[in-house]
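Working notes, structure below.
Whatever order the structure lists them in is the order used to number ligands and atoms, beginning at 1.
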Amino acid sequence: MGHERMTRGDALASVGGEFYGVVEDTAKALYIRALTDVPPDVRAALAGAYARERSTVARQLLGIVLRNIEIADERRTLVCQDTGTPIYYVSLGTGVSLDGARVAEAIRRGTERATREYPLRSSVCHPVTRENPQTNTGYRIPAIYWEFVPDADWLEILCVPKGSGSESMTFLKMLPPADGVAGVRRFVLESVVEAGGNPCPPCIVGVGVGGSADLCVALAKRASIRPIGTRNSDPHLAALEEDLFSSINQLGIGPQGLGGDTTALAVHIEHAYTHITHNPVAVNMQCWRGLRASARVHADGRTEISV
Ligand code: SF4
């Protein structure tokens, strides 16, 4: 047993102190990148929607969105003024040995530095006193979620500065199992209608199905940041994604809620097994900006950033 543990320990790639400095620099770079760049899949989906849109007003609005992105590219400036609530998903390879508390602290410092040095508006405040530390950080913020990847010797960081317009439009319902898929479908459509123009459509509609109440909402958010063009690996849920995408785009809400064919750029579902008496469903939306940027940091400090 002891020998086995030692062998496994030897296989781990240990990181030195400078690794945490690289993580801090990476967190800073990702926060700025997510606010100043738009992922290629989101750009392609917006361009495709512009080409297909039949409403004159909606087409004009999509044209403005595309021009807005061009201007942000030319001037290397923010795509939108909202710096969001900083959220990081850290995927930790099980083949790399590091101190998670130091990684979390490095990410917090990187977020603060991005805010101070870029500089960025601080969108984060105390929930009761409304005191704003001007750092985009505070108690439990940035929110950091940990995931583990077998046999990988790297760390992946995905930064999602969640805009308030889309985050405000988050919905959860603990449906009974008897409501079935029809109940899930109805709740998603009702949520999109209730959200209207508030989440800055066209959106990536994230849907969580199953789990517990908190897990269901977390799944909906995870779904909303999946790249456009990806499908749930479960064929039942992949079919529901396509069905909801088509139904949502027949609602006529359109870009910024002013009518048109393009309400959703995509619908993504993430799921988990659930209690036999539950049928939870949650909706969390990502606005047209598709805010996200990610990086892979190798044990030797090499870093690759992408959006
Ligand atoms: S929801 Fe998105 S596009 Fe709308 S204001 Fe917030 S960050 Fe900007």
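Taking backbone and side chain together, Cys287 holds an N, O or S atom under 2.8 Å from atom 2 (Fe) of ligand 1.
Annotation for ligand 1: atoms under 4.0 Å from non-hydrogen atoms of Gly165 are 1 (S), 6 (Fe).
In this structure a side-chain-to-backbone donor-acceptor pair under 3.5 Å is missing from Ser294 to Leu158. Side chain of Asp25 to backbone of Val22: no donor-acceptor contact under 3.5 angstrom is found. One N or O on the side chain of Glu53 and one on the backbone of Asp261 form a donor-acceptor pair closer than 3.5 Å.
Residue Leu155 is tested with Val149, Thr303, Leu98 for a side chain to side chain contact (heavy atoms under 4.5 Å, CB included); the sole match is Leu98.
Of all protein heavy atoms, the one lying nearest to atom 1 (S) of ligand 1 is Ser166 N, 3.5 Å. The protein atom (non-hydrogen) at minimum distance from atom 6 (Fe) of ligand 1 is Asp82 OD2, 3.3 Å. Nearest protein neighbour of atom 4 (Fe) of ligand 1, counting heavy atoms only, is Cys200 SG, 2.3 Å. In terms of protein heavy atoms, atom 5 (S) of ligand 1 is closest to Cys80 SG, 3.6 Å.
Contact check on Arg222 versus Glu147 returns a salt bridge, with a Lys/Arg side-chain nitrogen under 4.0 Å from an Asp/Glu carboxylate oxygen.
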